[in-house]
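Small disclaimer: the values here were computed from a predicted structure and weren't measured. Atoms within each ligand, like the ligands themselves, are counted from 1 in listed order.
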Amino acid sequence: MTENSATPAIANIKTIAILGGTGDLGGGLARRWSRAGFSIVIGSRTQDKAQAAADALLTEFPDLNVTGDNNLDATKKADLVVLTVPFAHQISTLETVQPALAGKILIDVTVPLMPPKVGTVQLPEQGSAAQMAQSLLGDPVQVVSAFQNVSAQHLNEDHPIACDVLVTGNKKAAREQVISLVEAAGLKGWHAGPLANAAAVEAMTSVLISINRHHKINGAGIIISGEPKT
Ligand SMILES: NC(=O)c1ccc[n+]([C@@H]2O[C@H](COP(=O)([O-])OP(=O)(O)OC[C@H]3O[C@@H](n4cnc5c(N)ncnc54)[C@H](OP(=O)(O)O)[C@@H]3O)[C@@H](O)[C@H]2O)c1
């Protein structure tokens, strides 16, 4: 295992569970965070599938600390949990792990895409997928929304990614921790305001999908301009 690249903001985060980490987006995060030195538990509905995903990473990088487990046990083992399943299964997946989430940060990457019109913004009545998650989980869980605008394909390739990550959440300290994790994954993260602002970030993904299609771009991203005053 490489040395954990954690900054002080995330010194308390050793183990990250990635629910649905057998898929494209979660697999990319597992790859990047495990290589940054975090202990990763890949979560799945089935133990065998989770273990197979972990084994695939270990075949490529034998020294990593990666295991697989069912979503609930993965959640129990983790200091921080990431939800990476399609929108249609967001709430049902959270319901299966809810008791084990109390006191933890949940990073929700969900984009409320409603096939077949994935290039059209279609936000849920509650405003955003992230707000739906926070509403279900309540005060015991701090939901932070991130990674909606990053292509999974880029995350799974070992090159710098030309896309920033807009991080929304109701608590600045929780956003701070997630921004440190974004940086550990090799990207630039920005405080993008409260969870209500996740609607704009989630909507942007459909805009990017439309840009990809029209301009034949393989995973367009967004970059924030401007120099922060120090
Ligand atoms: N792909 C991208 O480029 C991208 C970019 C930004 C954000 N996102 C968001 O990231 C999330 C995951 O996207 P993805 O492309 O990685 O999805 P995906 O590969 O299609 O699916 C991810 C995982 O979801 C789980 N899953 C599938 N059906 C399920 C069900 N009925 N109930 C519970 N879990 C189920 C599966 O895990 P198990 O079978 O192992 O349980 C699957 O491996 C989505 O919300 C998406 O909007 C994706």
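Contact annotation: L113 has no heavy atom less than 4.0 Å from any atom of ligand 1.
With sequence neighbours excluded, no residue forms a ring-ring contact (aromatic ring centres under 6.0 Å, His included) with H214.
For ligand 1, the atoms closer than 4.0 angstrom to any heavy atom of V111 are 7 (C), 45 (O), 47 (O). Below 4.0 Å from some heavy atom of V150 lie the following atoms of ligand 1, by number and element: 5 (C), 6 (C). Remark: ligand 1 atoms within the under-4.0 Å shell around heavy atoms of G23 are 16 (O), 19 (O), 22 (C), 43 (O).
No side-chain donor-acceptor contact under 3.5 Å links Q177 and S180.
V85 O, 3.2 Å is the protein heavy atom nearest to atom 44 (C) of ligand 1. Among protein heavy atoms, atom 3 (O) of ligand 1 sits closest to A152 N, 2.9 Å.
Here the rule is side chain to side chain contact (heavy atoms under 4.5 Å, CB included) with V165, and of V150, I224, N149, V201 only V150 fits it.
Which of L29, I18, L25 comes nearest to atom 4 (C) of ligand 1 through a heavy atom is settled by distance: it is L25.
Cluster note: I223 groups with no other residue, as no ILVMFWY side-chain heavy atom lies under 4.5 Å from it.
The number of heavy-atom neighbours closer than 6.0 Å to CG of D139, taken from other residues, nucleotides and ligands shown, is 12 or below.
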